[in-house]
Amino acid sequence: MARPDELTFAPLGGVGEIGMNLSVYGLGNRHQGSWLAVDLGVSFGDEEHLPGIDLILPDIRFLEKERKNLVGLVLTHAHEDHFGAIIDLWPKLQCPIYATRFSAALFEAKCASERDPPKIPVTVVPSGGRIDLGPFNVEFIPVAHSIPESHALAIHTSVGTVLHTGDWKIDPTPIIGPPTDERRLRELGDAGVLALIGDSTNAVRDGRSPSETEVAKAIAELVKAAKGRVAVTTFASNVARLRAVADAARLAGREVVVVGRAMERVVQVARETGHLDGVQDFRGADLYGHFPPDKVLALCTGSQGEPRAALARIANDDHPQVTLNKGDRVIFSSRTIPGNEKAVGSIINGLVSQGIEVITDRTDLVHVSGHPRRDELRDMISWVRPQLVIPVHGEALHLSEHARLARSAGVPKVLVCRNGDLVKLGPGDPAVIDELPSGRLFKDGLILEDSKSRAVVERRKMGFSGCVFVAMAVTEKGELADDPEVDLVGIPEKNSAGEVIDDIVFDVVVSTAEGLPRARRRDPDALAESVRRAVRAAVNEQWGKKPLCYVHILTV
């Protein structure tokens with residue numbers, strides 16, 4: 001007798017971390033089933049630990065293997081941590097993609113900005129719409145978030161309904177788009193929800209996230225009170241915030257100048273999709289200098305300290321069209337993503353040292369999160385009344401706190417999992433039943449690398465302890481044909497006694513080569529290894545760090 005179908009869930013990114021979101025749902029038995037992917041995002045490299053790495057992407061080996069059973073990829077919204085990996089990874093999957101209009105348009109604009117634009121078709125689904133993908137019926141339920149057209153997904157199956165919340169909050173006055181659809185979520189709860197797979201980002205914060213309308217009021221007051229030029233930086237994708245800034249400028253009699261390509265792109269897409277209807281036209285950066293200081297507001301990219309973004313260039317007085325002077329005001333209408341604190345701090349300090357006033361969310365309500373705090377999580381649980389809660393979209397602490405809250409709210413079953421865990425949702429008791437291949441890929445320039453990439457490991461070592469290059473010409477008899485060439489990179493010139501380290505390394509290379517038995521000198525590999533060990537030990541003795549060392553032997 002055939003076993004009944006199982007409904008399974010597996011996070012391949014976004015659990016135990018914030019970013020790189022990829023979830024898969026399976027329906028079928030162990031031998032044959034269909035898979036549905038939700039979101040395909042990136043996280044960002046950290047120069048300290050991953051030098052030269054632009055983006056981190058989820059490892060999709062499992063989905064590649066199951067490609068013929070993959071019924072589609074559905075997007076909850078168009079933030080980079082939910083759709084930023086598609087351009088690089090879709091060619092390996094070539095599955096249908098489904099998104100609402102704004103997400104599809106922003107993705108199309110993102111593709112068009114590439115050097116060699118890929119052709120990746122996206123099927124547009126209306127907000128509140130339902131689509132059949134194999135055995136899954138997927139319903140797009142509007143939720144408030146910090147980008148237009150964010151949606152929770154109700155995934156209806158023969159085994160039960162799963163609510164995949166995506167990123168959300170409860171905001172009764174969100175400025176753009178409808179509030180989170182409480183009525184539909186309550187209806188789902190009445191019909192019965194098997195599992196809630198939920199956003200944990202703010203599970204450690206009590207109370208409720210303030211509304212976008214409150215931020216708009218604060219920004220309007222700050223812009224109105226400013227005497228000189230005003231610059232506002234925020235996440236380009238936060239169209240509600242762009243609208244709030246535009247309204248503040250209009251009330252203060254200022255023209256809005258858009259500075260930065262990412263901001264220009266989002267503004268264009270938001271206008272095309274109707275999310276900036278009724279908002280005045282913005283000006284290009286080339287017109288900034290034409291307006292008096294009290295009649296202009298610059299809307300800039302660079303809220304995360306990106307070195308080539310508009311605000312960093314303005315702060316360094318390196319922007320060809322936009323300048324700020326003593327007495328001007330800069331508003332950071334954003335939060336600093338963990339890992340970017342140094343870069344953002346550097347820009348803020350640079351601005352302050354020039355006499356420019358900097359306002360952040362530490363002193364004024366100029367930013368609110370797009371994620372639910374604890375009272376909002378309790379509301380969602382009370383509306384949906386799931387049999388099971390699985391916390392996702394968070395680090396270990398966030399997941400643990402969300403799980404504790406769900407238990408205290410009376411949820412019958414709560415399960416915390418990790419990336420790669422295959423969780424049986426039903427029928428029967430939920431449990432981790434297998435482990436799928438999971439991991440990280442590094443975007444290194446134009447190349448996708450495995451996370452164990454030699455290049456990244458060596459670059460990190462080189463950044464910490466430098467490198468020595470040695471070239472030696474050796475005769476067939478094993479004698480030095482000429483003086484070795486030694487080049488030190490990233491290593492101090494002199495030791496604490498003032499002796500030149502280059503000279504010390506040169507002497508060590510010569511003495512090591514000449515001190516070896518003739519048979520070892522005639523073996524290029526043995527000679528290179530002996531010199532490598534001796535050089536690293538010598539530099540360590542002089543400096544206290546062991547560099548990388550490469551020895552090239554030329555037999556003449």
Side-chain angles (χ1 to χ4, degrees), residues 1-16 21-40 58-74 76 93 95-96 98 130-139 141 152-166 188-189 191-198 200 381 384-393 399 402-403 406-407 411-439:
M1 185 172 142
R3 294 180 59 181
D5 282 349
E6 281 183 342
L7 177 60
T8 54
F9 161 73
L12 298 181
V15 173
N21 294 282
L22 168 57
S23 298
V24 297
Y25 291 90
L27 189 63
N29 56 45
R30 295 293 174 89
H31 307 294
Q32 183 66 41
S34 298
W35 296 95
L36 171 70
V38 175
D39 293 333
L40 188 54
D59 186 332
I60 58 167
R61 275 174 297 163
F62 173 75
L63 288 179
E64 286 182 74
K65 187 168 73 72
E66 291 287 338
R67 198 168 99 171
K68 67 180 187 303
N69 301 317
L70 181 61
V71 296
L73 166 63
V74 181
T76 58
L93 301 175
C95 62
Y98 301 88
R130 291 176 76 146
I131 50 172
D132 286 312
L133 301 176
F136 305 97
N137 176 268
V138 182
E139 178 183 358
I141 300 172
L153 303 175
I155 302 170
H156 304 280
T157 73
S158 56
V159 176
T161 295
V162 177
L163 182 67
H164 183 103
T165 70
L188 284 176
V193 170
L194 180 64
L196 184 153
I197 316 287
S200 309
I381 288 168
V384 175
R385 304 186 298 286
Q387 296 173 39
L388 165 69
V389 163
I390 300 180
V392 295
H393 204 291
L399 304 179
H402 191 177
R407 289 187 191 101
V411 176
K413 296 163 191 163
V414 178
L415 189 151
V416 177
C417 62
R418 299 175 304 176
N419 284 339
D421 284 347
L422 181 66
V423 180
K424 183 182 81 165
L425 301 177
D429 285 337
V432 176
I433 57 173
D434 203 351
E435 190 170 344
L436 305 185
S438 67

Pair His402, Val389 - check side chain to side chain contact (heavy atoms under 4.5 Å, CB included), show working. CA-CA 9 Å; His402 191 177; Val389 163; 4.3 Å; yes
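- Checked against side chain to side chain contact (heavy atoms under 4.5 Å, CB included), Val416 has the following partners two or more places apart in sequence or in another chain: Pro391, Leu399, Ala403.
- A heavy-atom distance below 4.5 Å is not found between the side chains of Leu194 and Thr157.
- The ring-ring contact (aromatic ring centres under 6.0 Å, His included) test applied to His393 returns His82, His371, not counting sequence neighbours.
- Contacts of Asp132 classified as salt bridge (Lys or Arg N to Asp or Glu O under 4.0 Å), with partners at least two apart in sequence or in another chain: none.
- Nearest heavy-atom pair across Leu12 and Pro437 is CD2-O, 3.8 Å.
- Within the model, atoms CG of Leu63 and CG of Asn69 stand 10.5 Å from one another, a figure rounded to the nearest 0.5 Å.
- Across Val71 and Gly134, no two heavy atoms sit closer than the pair CG1-CA, 4.1 Å.
- Note that the CG atom of Asn29 and the OG1 atom of Thr8 stand 11.0 Å from one another [nearest 0.5 Å].
- Partners of Ala10 under the side chain to side chain contact (heavy atoms under 4.5 Å, CB included) rule, at least two apart in sequence or in another chain, are Val24, Leu422, Leu436.
- Listed by chain and number, the residues in a salt bridge (Lys or Arg N to Asp or Glu O under 4.0 Å) with Lys65 amount to none (sequence neighbours excluded).
- Ser34 is linked by a side chain to side chain donor-acceptor pair (under 3.5 Å) to nothing, counting only residues two or more places apart in sequence or in another chain.
- Applying the ring-ring contact (aromatic ring centres under 6.0 Å, His included) test to Phe62 and every residue at least two apart in sequence or in another chain returns Trp35.
- The shortest side-chain heavy-atom distance between Leu133 and Val74 falls under the 4.5 Å cut-off.
- Every residue meeting the side chain to side chain donor-acceptor pair (under 3.5 Å) condition with Asn419, not counting sequence neighbours, appears here in chain and number order: Glu17.
- By the 4.5 Å heavy-atom criterion applied to side chains, Leu425 and Leu388 are counted as neighbours.
- Applying the salt bridge (Lys or Arg N to Asp or Glu O under 4.0 Å) test to Asp59 and every residue at least two apart in sequence or in another chain returns Arg61.
- The nearest pair of heavy atoms linking Asp5 to Val159 is O-CG2, 3.7 Å.
- The CG atom of Asn21 lies 7.5 Å from the OG1 atom of Thr76; values are rounded to the nearest 0.5 Å.
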What verdict does the side chain to side chain contact (heavy atoms under 4.5 Å, CB included) test give for Ile390 and Val15, after you've listed the backbone C-alpha separation in whole Å, the side-chain angles of each residue and the deciding distance to 0.1 Å? CA-CA 10 Å; Ile390 300 180; Val15 173; over 6 Å; no
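- The minimum heavy-atom distance linking Val411 with Pro386 is given by the pair CG1-O, 3.8 Å.
- In this structure, Pro430 and Lys413 approach most closely via the heavy-atom pair CD-CD, 3.5 Å.
- Rounding to the nearest 0.5 Å gives a distance of 8.5 Å between CD1 of Ile155 and CG of Leu163.
- Residues Leu153 and Val138 come closest through the heavy atom pair CD2-CG1, 4.0 Å.
- Every residue two or more places apart in sequence or in another chain that forms a side chain to side chain contact (heavy atoms under 4.5 Å, CB included) with Glu64 is listed here: Ile60, Lys92, Leu93.
- In this structure Tyr25 satisfies the ring-ring contact (aromatic ring centres under 6.0 Å, His included) test together with Phe9, His164, sequence neighbours excluded.
- By the salt bridge (Lys or Arg N to Asp or Glu O under 4.0 Å) test, Arg130 pairs with Glu139, sequence neighbours left out.
- Contact of the Val423 side chain with the Val432 side chain is registered, since non-hydrogen atoms from C-beta on lie closer than 4.5 Å.
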